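For reference, the structure discussed in these notes is given below.
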Amino acid sequence: MSDVLLTEPRGLGELVPPDTYQSRHTLDAEDGPARLLFAEERQRSVADALQGIIFKGGTLSLLTLTIYRFWMKTDQRRLIWRETRLDGDGFEYTGTPLELLIGSMIAIVILAVWFGVANLGLSFLQLAAWQNYDLSVFLFPIILSPLVAFAIYRARRYKLLRTKWRGIRFGMDGSAIKYAGKWIVWTIIQILSLGFLTPHKRLAMERQMTNHMLYGDARFDFQPPDRALRHLTAHWMLPWLTGVVLIGLIVLGFQSSGGFSSDFFGSLDAQAERAGKDPLALKLQALLGVAIIPAFLVYPFYLRYKSREIATILSSRRLHSAYFESHLTWGATFKPFAAYCGYWLLLIIPVMIGLGLVVFMAISAALMIDGKSISQFTQGLQAGSFSSVGAQIAFYAGLYFFYGGMILFSLWLAGLVHFRRLHTYICRGTVVHNLAAVDQVNQRMRDDQAESEGFADALDIGGL
Amino acid sequence: MKRWPGTYFDGETARSHRVEVEIRANAVQIYGQAGILANWDYDDLRRVPGTSRESSMIEVAPSYDSDERLKLEDSDAVRALRVAHRHVDKRPPANRSAIVRALGWTGAAVGALAFIVFVAIPALTPQIAAMIPIEKQVSLGEQVEKLISDVGLVGETCTTPEGSAALDKMTAKLTDGLDLRIPVRVNVVNSPIINAVALPGGRVLIFFPLLEQAESADEVAGILGHEIGHVQEQHPLKGALRSSASAGVIGLFFGDFAGAGLVAGLGERLMNASYTRDAERDADQFAIERMAAANASSAEMAKFFARLRTKVGDGGVLGGYLASHPSFSEREAALTAAAIKEGAEPILAEAEWEALRQICQNTDESDKEEDASNEETEEE
């Protein structure tokens with residue numbers, strides 16, 4: 001539920017301005033600011049419930065052409081919302097699976113033509129100009145990205161409209177199109193600054209959203225703590241500089257070793273010829289492959305910045321005189337990531353072996369149905385290797401089981417291992433001051449029927 | 001009557017009220033400092049959907065659409081309420097209009113996708129295919145060839161002077177008088193499987209085991225005519241365009257579910273199967289016409305399919321939907337019915353046919369032995 005109000009990371013530290021600091025604290029109850037907690041005293045049972053939802057929902061989604069995903073997502077949100085408590089009172093998720101489904105289908109109707117044209121155009125360019133499938137794999141997300149910003153805004157709006165706390169509805173107004181426009185402008189600025197202004201962009205985008213967020217009849221206000229930008233920029237310097245330096249080194253090494261005509265890249269000419277590909281495309285690909293190394297090295301530093309960003313953005317949210325204060329350490333973002341990597345490393349081999357055995361059994365069954373020996377199969381691993389329908393079904397069932405198992409594994413890693421930890425740490429590091437000021441908030445008049453976050457779902461950015 | 005502690009939210013303000021609650025036989029009565037705050041009848045009182053069902057805590061509302069909330073955090077109070085009001089967990093009635101709207105929009109979405117995949121993209125692919133320069137098509141064909149040779153389906157190209165001459169003669173006869181959009185280049189290659197394929201850019205590969213399986217030059221000529229039909233209609237290129245364009249569109253339907261790509265891939269395969277079957281029928285028709293133009297009988301090709309059918313079966317009903325090709329029996333019937341009945345002549349002389357069958361003689365002998373045991377087939 002990161003973006004509903006609780007979580008989306010930003011850092012504050014000691015940066016609360018002295019003057020407001022006083023006034024901000026005076027209204028707190030005697031036992032201090034209100035705490036935001038996720039499942040604190042019942043970690044185990046909440047984890048079990050979440051795991052149950054993921055395995056049951058994931059399996060049913062696989063069996064229903066993924067349609068069950070709307071039910072699964074709703075179950076997950078209900079659990080996470082109600083186990084997230086502010087001042088002891090849980091949040092309430094009131095969205096329904098059917099709303100998600102309808103929103104997603106509406107988005108498909110709107111996007112289908114657009115996607116068809118874009119895909120066909122890219123396929124043409126890919127065949128006529130580049131001879132390289134991978135380039136369009138990169139290009140498509142770029143064409144799509146403004147739409148993604150639009151969808152992110154709508155998704156948050158839907159989630160807010162479907163969230164209650166103490167019986168009062170959250171909400172959001174404003175225009176997703178304006179948000180997407182702003183996103184495009186800021187992305188250009190971000191690129192022109194070689195990424196240096198990323199924190200500026202993040203705060204600007206969050207400001208746009210927060211200023212349109214409502215709780216009952218009250219509007220959220222985005223007031224970053226003093227020097228928040230300087231603070232964030234300071235934290236951004238490490239990953240940014242490391243990234244810039246590493247990329248610089250790669251470029252330098254690339255230039256000094258003779259650029260694209262160096263030994264390494266020169267050897268790609270012959271390779272491209274053999275593969276019948278455009279040599280330039282192959283070289284760009286190789287260069288990108290090399291760039292993954294710095295990205296991997298910088299990522300932990302990026303997570304450190306990210307924890308500050310989450311805390312800062314949270315700490316910037318005010319409602320009347322109530323305001324969040326969030327302090328997140330590096331661990332808040334790094335530990336969930338490390339747990340993800342750790343569990344992956346620990347389990348990937350057993351999981352692969354287990355699923356591989358099933359595939360082996362499926363192939364054996366298929367061979368038996370066809371009355372063939374294993375040596376005949378290895379000549380070409382494909383469904384066409386089997387002649388009878390029964391054998392083909394057995395073969396496909398085995399493959400589907402394998403991929404299904406891998407999908408469940410990744411859902412489990414993302415939901416139970418990563419998200420649950422991240423959300424716990426973010427809530428733990430966050431309090432609300434002057435919560436009593438919220439008492440004066442009144443219920444808002446009924447909202448218009450909210451279109452759901454269908455675009456976000458169709459564009460693969462739904463999340464929680 | 002015993003009063004339990006509770007927390008009450010009035011649904012109008014965000015203030016939380018400490019209250020005392022009486023759990024009566026058919027209603028709960030909520031007392032604030034100034035007296036009775038609310039009296040909720042069990043007829044409509046429900047646990048708030050999506051809230052906890054645990055024994056230690058319950059959140060209830062006076063009705064499904066009310067914003068008022070009462071929270072009891074005393075397990076004895078929860079038990080007392082559940083005893084007094086057995087239907088507290090009853091779920092809200094199904095929202096008929098939402099179900100109708102969901103079905104309607106799902107239908108619309110499927111319709112929109114079907115329109116794009118089955119109508120719009122197929123209608124646009126020929127125009128786009130026509131804009132792609134031949135050298136790019138050739139280069140794409142080379143990539144595909146590289147791909148299938150990497151997985152071991154295609155080995156060395158076979159040539160002997162006599163065999164190649166026979167092959168060229170066969171090709172020339174089939175394309176005689178034809179305005180070819182792309183020059184056709186035909187080769188025989190070593191392979192473990194019986195097949196022949198047309199690649200983008202006019203390249204046709206006959207897999208050697210097919211020559212061994214064939215009993216006459218006309219059988220091979222029919223299949224070659226079929227592949228030339230694919231080339232002339234640019235099927236391989238259109239197919240590549242089609243599937244790469246439609247895969248992304250179909251992916252929309254599966255949304256952000258992890259691994260949707262796989263499901264989308266399978267869906268794409270299913271959807272394209274009907275398209276490729278049509279393409280195969282067109283190519284068969286083309287083969288029939290070219291064989292007739294060369295004064296040869298396409299019924300020979302049917303014999304070849306008949307032999308394959310007894311070997312690998314016909315696919316059955318389900319197989320028909322999944323398969324990329326029409327069933328053998330359907331194709332045999334079409335080929336036999338349309339074959340010229342009189343005056344048909346063999347497309348190659350007996351000596352030329354023998355030379356063609358020996359075309360892989362110079363290359364690896366071991367391949368020939370293998371293929372006897374490898375009757376895998378996916379006749380293109």
Side-chain angles (χ1 to χ4, degrees), chain A residues 61 65-66 69 78 82 89-90 92-94 96 98-99 101-102 104-106 108-109 111-113 115-116 119-120 123-124 126-128 131 140 164 166-168 216 274-277 376 379-380 384-385 387-389 392 403 406-407 410-411 414 438-443 457-458 460-462, chain B residues 9 11-16 48 50-52 67-69 95 98-99 101-102 105-106 108-109 112-113 116 120-121 124 128 131-133 136 139-140 142-143 146 151 153 192-193 240-241 244-245 248-249 252-260 262-263 312-313 315-316 318-319 373-374 376 378:
Chain A
S61 297
L65 290 174
T66 76
R69 69 181 186 272
R78 283 178 167 178
R82 75 168 179 252
D89 294 324
E92 196 182 312
Y93 178 72
T94 62
T96 67
L98 281 181
E99 282 174 351
L101 186 146
I102 292 169
S104 186
M105 295 303 146
I106 292 175
I108 289 172
V109 171
L111 292 177
V113 173
F115 260 53
N119 273 306
L120 209 53
S123 309
F124 167 69
Q126 166 192 323
L127 290 174
Q131 296 285 308
F140 195 58
K164 276 180 184 172
R166 292 186 173 171
I168 302 294
R274 273 201 304 279
K277 283 188 175 181
Q376 288 170 298
Q379 292 290 337
S385 310
S387 40
S388 71
V389 175
Q392 291 212 5
Y403 285 113
M406 291 306 288
I407 288 166
S410 63
L411 283 175
V438 170
D439 284 358
Q440 53 187 290
V441 171
N442 292 312
Q443 186 69 293
D457 176 78
D460 203 358
I461 51 168
Chain B
F9 305 108
E12 285 166 12
T13 70
R15 196 186 311 272
S16 98
V48 178
T51 56
S52 173
D67 291 332
E68 285 176 85
R69 297 286 182 269
N95 182 341
I99 293 173
R101 289 207 312 136
W105 279 109
T106 305
L113 290 181
I116 297 292
I121 291 177
L124 288 171
I128 292 178
M131 293 193 309
I132 295 177
K136 295 292 184 188
S139 151
L140 179 67
E142 283 164 1
Q143 283 184 50
K146 169 88 173 30
V151 298
L153 288 179
I193 63 172
L241 274 170
S244 67
V249 179
L252 270 178
F253 190 79
F254 303 105
D256 64 353
F257 185 72
L262 170 81
V263 187
V312 301
L318 181 63
S373 61
N374 284 299
E376 322 295 355
E378 192 180 329

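Each chain gets a letter, A, B and so on, in the order the sequences are listed, and its residues count up from 1. From a predicted model like this one, the values you see are computed outputs, not experimental measurements.
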Quiz prompt | Check: D439(A) and T13(B) side chains under 4.5 Å, non-hydrogen atoms | solution = no
Quiz item: Measuring from I108(A):CD1 to I116(B):CD1, what's the distance to the nearest 0.5 Å?
Solution: 12.0 Å
Practice problem: For R166(A), enumerate each residue passing the salt bridge (Lys or Arg N to Asp or Glu O under 4.0 Å) test, keeping only those at least two apart in sequence or located in another chain. | Solution: D87(A), D89(A)
Quiz item: Side chain, backbone, both or neither: which part of A120(B) has an atom under 4.5 Å from a heavy atom of chain A?
Solution: neither
Quiz item: Between V438(A) and A14(B), what is the shortest heavy-atom contact and its length?
Solution: O-CB, 3.4 Å
Quiz item: What part of R82(A) gets closer than 4.5 Å to chain B, counting heavy atoms only: side chain, backbone, both or neither?
Solution: side chain
Exercise. Could you have a look at T106(B), V48(B), I121(B) and say which one has the most heavy-atom pairs with chain A under 4.5 angstrom?
Key: T106(B)
Practice problem: Drop me the distance from K164(A)'s NZ to F9(B)'s CZ, to the nearest 0.5 angstrom. | Solution: 12.5 Å
Quiz item: Rounded to the nearest 0.5 Å, how far does CG of N95(B) lie from CG of L98(A)?
Solution: 7.0 Å
Practice problem: Quick one: closest heavy-atom pair of M105(A) and A109(B), and the distance? | Solution: SD-CB, 3.5 Å
Quiz item: What part of E12(B) lies closer than 4.5 angstrom to a heavy atom of chain A: side chain, backbone, both or neither?
Solution: backbone
